[in-house]
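Input: a single structure, listed below in structure tokens.
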Amino acid sequence: MEKEAMEGHVNVMLPQENLRSDLPNGGIVLGHDKEISTLQEEISALRSRQRHLNRRRREALGKLIDLKGSIRVFCRVRPSISTSNIKIKSPVTVEQENIAVRAVGIKKDSSVDRVFDQESTQDDVFHEVKPILRSALDGHNVCILAFGQTGTGKTYTMEGTSDNLGAVPRAIQELFSHAAQDTSSTYSFSISMLEVYMGSLRDLLAPRQQPLFRSIEGNTTCNLSILATTSGSVQVEGLTDVAVPDLKKANQWYCRGRRSRSTSGTNVNNVSSRSHWWVGLDRVSACAVCSGNLNSTQFYLVLALSVCSLTRITIRRCGGVTEQVSKLWLVDLGGSERLLKTGASGLTMDEGKAINLSLSALGDVIAALRRKRSHVPYRNSKLTQILSDSLGDGSKVVMVVHISPSKDDVGETICSLGFAKRARLIESSRELSEVR
Ligand code: ADP
Ligand code: MG
């Protein structure tokens, strides 16, 4: 059933060959007009049948995804990046949907909707994400969120590398490829990209990019405001939204947005590697000077930890007379590590708090939604305000929780799995209350 629901696309074969062979060298034949009109009727009947079948496919897919849970939680374990030849046993072991963490004094078992082990590929992850994209094309708002400690592979899963594309470029590809195949509807797409940092929003596709330090300083030009419309949808006022007519243009804009990120070209996980380190220091020295007494090393680290990167694809689908607009959000959340471990203090401590606040606000929102609370605390953070029309009823959410296989990160791993469990428990308690 799942396969049918995903692929329930009907190909209409037009009997054009017959039409042509009946025409004697393009001459006018008596009765030909009648034949054309019969064929046109057949075409329109087939089109209407195709629309009907597509509608049924959409309903089936919607039900299927609802059965699986409108919030699906996956867990991906990053491969070990040990430089030594000695193989150290990881405290994390996985099996199908279960994750076991074993260390001195620690015994924790968790389950999620799907585990991706250390050998998992970008293909494996995208295979699970793909059905949700069809939901976005069918008119639902969709969020795909990468959660986890810094260095566990959030950006790898979302962006990937040039050899191993991540979920965002694959999703863009999939949207265009589906649009080209679906003859019963016409689609148009537009893209926006932004960063949330310390409660400020920064437009990554704005015509003239703000220098890095201006956004850090809280310059108002990059502090866009969020508006809720009467229809319940959310708009980020002034956010650049670029129409992308084809895949090539979409990729160009996506790459441009990536280059504009505060953390582009940096990798906090490799911070001990000298080359990255110096790139980082070069880029932040101006900011550190601007902000007075900041230690540039600390500053760089916290910047890389604290920024949430969001890509929004707006999908307009026109089938027959109706037009449906939906949003696909692809979100690389800031690092979820605890403050103690980063050793942050002063201003950096505030930044650490800001990102923890966004993430805990996200957890609270998911909790309130699943418990069907009348008040959902969207307003508690910029992140949850922006996503407020894409997390609630009718929306589909995939959260990929990333964990490290390393012994040193066990504490963080337990925290991340706790976050995953919270989101899933909420889903199962909803199912229980519905059964009753
Ligand atoms: P995060 O965004 O969570 O801070 P990154 O995505 O930057 O983490 O990943 C840290 C490092 O680990 C990067 O060098 C990345 O290429 C590598 N990495 C992460 N996950 C994988 C994976 N599944 N396979 C191969 N390399 C990975
Ligand atoms: Mg990252």
Side-chain angles (χ1 to χ4, degrees), residues 74-83 90 92 94 99 114-129 144-170 193-197 202 204 254 257-277 279-280 283-284 300-311 330-338 341-342 344 351-352 355-356 358-359 362 383 399-406 408-409 411-413 415-417 419-420:
F74 303 150
C75 177
R76 187 173 196 185
V77 190
R78 197 206 58 211
S80 289
I81 35 178
S82 161
T83 44
S90 167
V92 179
V94 301
I99 308 131
R114 172 79 205 260
V115 178
F116 299 103
D117 63 17
Q118 294 192 38
E119 279 80 45
S120 65
T121 62
Q122 303 284 62
D123 259 347
D124 297 333
V125 177
F126 190 66
H127 182 76
E128 286 290 329
V129 164
I144 300 172
L145 308 154
F147 178 93
Q149 175 192 0
T150 300
T152 50
K154 295 182 296 296
T155 307
Y156 183 81
T157 296
M158 298 307 276
E159 290 185 7
T161 59
S162 50
D163 307 333
N164 263 315
L165 295 182
V168 185
R170 283 169 192 252
M193 293 174 78
L194 70 153
E195 276 181 345
V196 182
Y197 174 80
R202 184 163 168 259
L204 296 176
Y254 173 60
R258 276 176 65 174
R259 283 196 301 272
S260 310
R261 282 187 185 153
S262 312
T263 49
S264 72
T266 65
N267 184 338
V268 78
N269 192 58
N270 285 339
V271 103
S272 56
S273 112
R274 277 197 168 264
S275 56
H276 271 94
W277 196 215
V279 173
R283 294 200 68 216
V284 298
Y300 166 71
L301 259 170
V302 173
L303 180 62
L305 301 178
S306 317
V307 178
C308 287
S309 304
L310 297 91
T311 303
L330 300 133
V331 186
D332 186 345
L333 293 166
S336 59
E337 41 277 304
R338 293 160 301 170
K341 196 167 178 194
T342 59
E351 288 161 334
I355 186 66
N356 281 4
S358 296
L359 297 179
L362 181 65
L383 178 74
M399 166 113 57
V400 189
V401 174
H402 293 76
I403 57 171
S404 150
S406 158
D408 296 340
D409 295 319
E412 289 308 333
T413 301
C415 286
S416 296
L417 291 173
F419 194 90

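Counting starts at 1 for both ligands and their atoms, following the listed order.
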Answer yes or no: is there a side-chain heavy-atom contact under 4.5 Å between [X] and [Y]?
{"X": "Val400", "Y": "Met158", "value": "no"}
{"X": "Leu383", "Y": "Leu310", "value": "yes"}
{"X": "Gln149", "Y": "Ser404", "value": "yes"}

May I ask you to list the atoms of ligand 1 that are less than 4.0 angstrom from any heavy atom of [X]?
{"X": "Arg76", "answer": "23 (N)"}
{"X": "Gln149", "answer": "3 (O)"}
{"X": "Lys154", "answer": "1 (P), 2 (O), 3 (O), 4 (O), 6 (O), 8 (O)"}

With Phe126 via ring-ring contact (aromatic ring centres under 6.0 Å, His included) - residues at least two apart: none
Can you tell me if, anywhere in Thr155, an N/O/S atom lies at a distance from the Mg ion (ligand 2) that is smaller than 2.8 Å? yes
Could an N or O of ligand 1 be found under 3.5 Å from any N or O of [X], whether backbone or side chain?
{"X": "Asp332", "value": "no"}
{"X": "Pro79", "value": "no"}
{"X": "Thr150", "value": "no"}

Any donor-acceptor pair under 3.5 Å linking the side chain of Lys154 with the backbone of Gly148? yes
Looking only at non-hydrogen atoms, which of Phe116, Phe147, Tyr156 approaches atom 27 (C) of ligand 1 most closely? Tyr156
Once you measure the plane-to-plane angle for Phe74 and Phe116, does it fall in the parallel (<30°), tilted (30-60°) or perpendicular (>60°) bin? perpendicular
For the residue pair Ser120 and Asp117, confirm or rule out a side-chain donor-acceptor distance under 3.5 Å. no
Tell me which part of Arg78 gets within contact of ligand 1: side chain, backbone, both or neither, using heavy atoms under 4.0 Å. side chain
